[in-house]
Amino acid sequence: MLKKYEQWAFITNRKLATDKMSCGEQAAHYLFGSIKDVWLLPNAVDIQQMMTVANQSRQYIDQEFDDEGLKIIQVGRLNEVKNHQFSLEIAEQLKNVKSLLPYILLDKVHWI
C-alpha cells in the first residue's frame, strides 16, 4: 500500500506542482526527477556559528559526558536522499578524534 501511495505522490507532485522546491539536488531528483525549474533551498547550517557554539560549550560537554564517549542518535527514514552516508563519514571522523560509541540510526518505517 505504501509503495502505491509513493508512486501516486511522485506522479502527482511532478505533474501538478506549480512551484517546485527541495532542500538539495538529490532531493529534487528524488521528488521531481530533475533539478529543472526547482528552487533549491539548502537546509544547511552556518558552520562558523556552529563552531562558536561548540567552542563555548566545550567545557560543559567535557563535564557532562563521561569517558564512554559521545553518543549520536539520528532518527528518520533510511532513504538515500537523507544522506546517511555523510553522517556515517562524520561519525568515522569523530571516532578518530574522540571515542564515539554508539552511533545509532533509527528508521521510522514501523512508527504508527
Engineer: Applying side-chain contact (heavy atoms from CB on, under 4.5 Å), name anything that partners Ala27, two or more places apart in sequence or on another chain.
Structural biologist: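 Expected list: Ser22, Cys23.
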Engineer: By the ring pair (Phe, Tyr, Trp, His ring centres under 6.0 Å) test, which pairs, at least two apart or in different chains, include something from residues 10-39?
Structural biologist: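 Only Phe10-Tyr30 qualify under ring pair (Phe, Tyr, Trp, His ring centres under 6.0 Å).
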Engineer: May I ask you to list the residues sharing a hydrophobic cluster with Trp8, side-chain cutoff 4.5 Å, ordered by chain and number?
Structural biologist: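 ILVMFWY cluster around Trp8 also holds Tyr5.
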Engineer: Minimum heavy-atom separation for Arg14 to Leu31, with atom names?
Structural biologist: NE-O, 3.1 Å
Engineer: Can you tell me if CD on Glu6 sees more than 12 non-hydrogen neighbours from other groups inside 6.0 Å?
Structural biologist: yes
Engineer: Under the 4.5 Å side-chain heavy-atom rule for ILVMFWY, direct or indirect, which residues accompany Ile11?
Structural biologist: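 The other cluster members (ILVMFWY side chains, heavy atoms under 4.5 Å, direct or chained): none.
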Engineer: Nearest 0.5 angstrom please: Asp37 CG to Lys20 NZ, how far?
Structural biologist: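 The distance works out to 6.5 Å.
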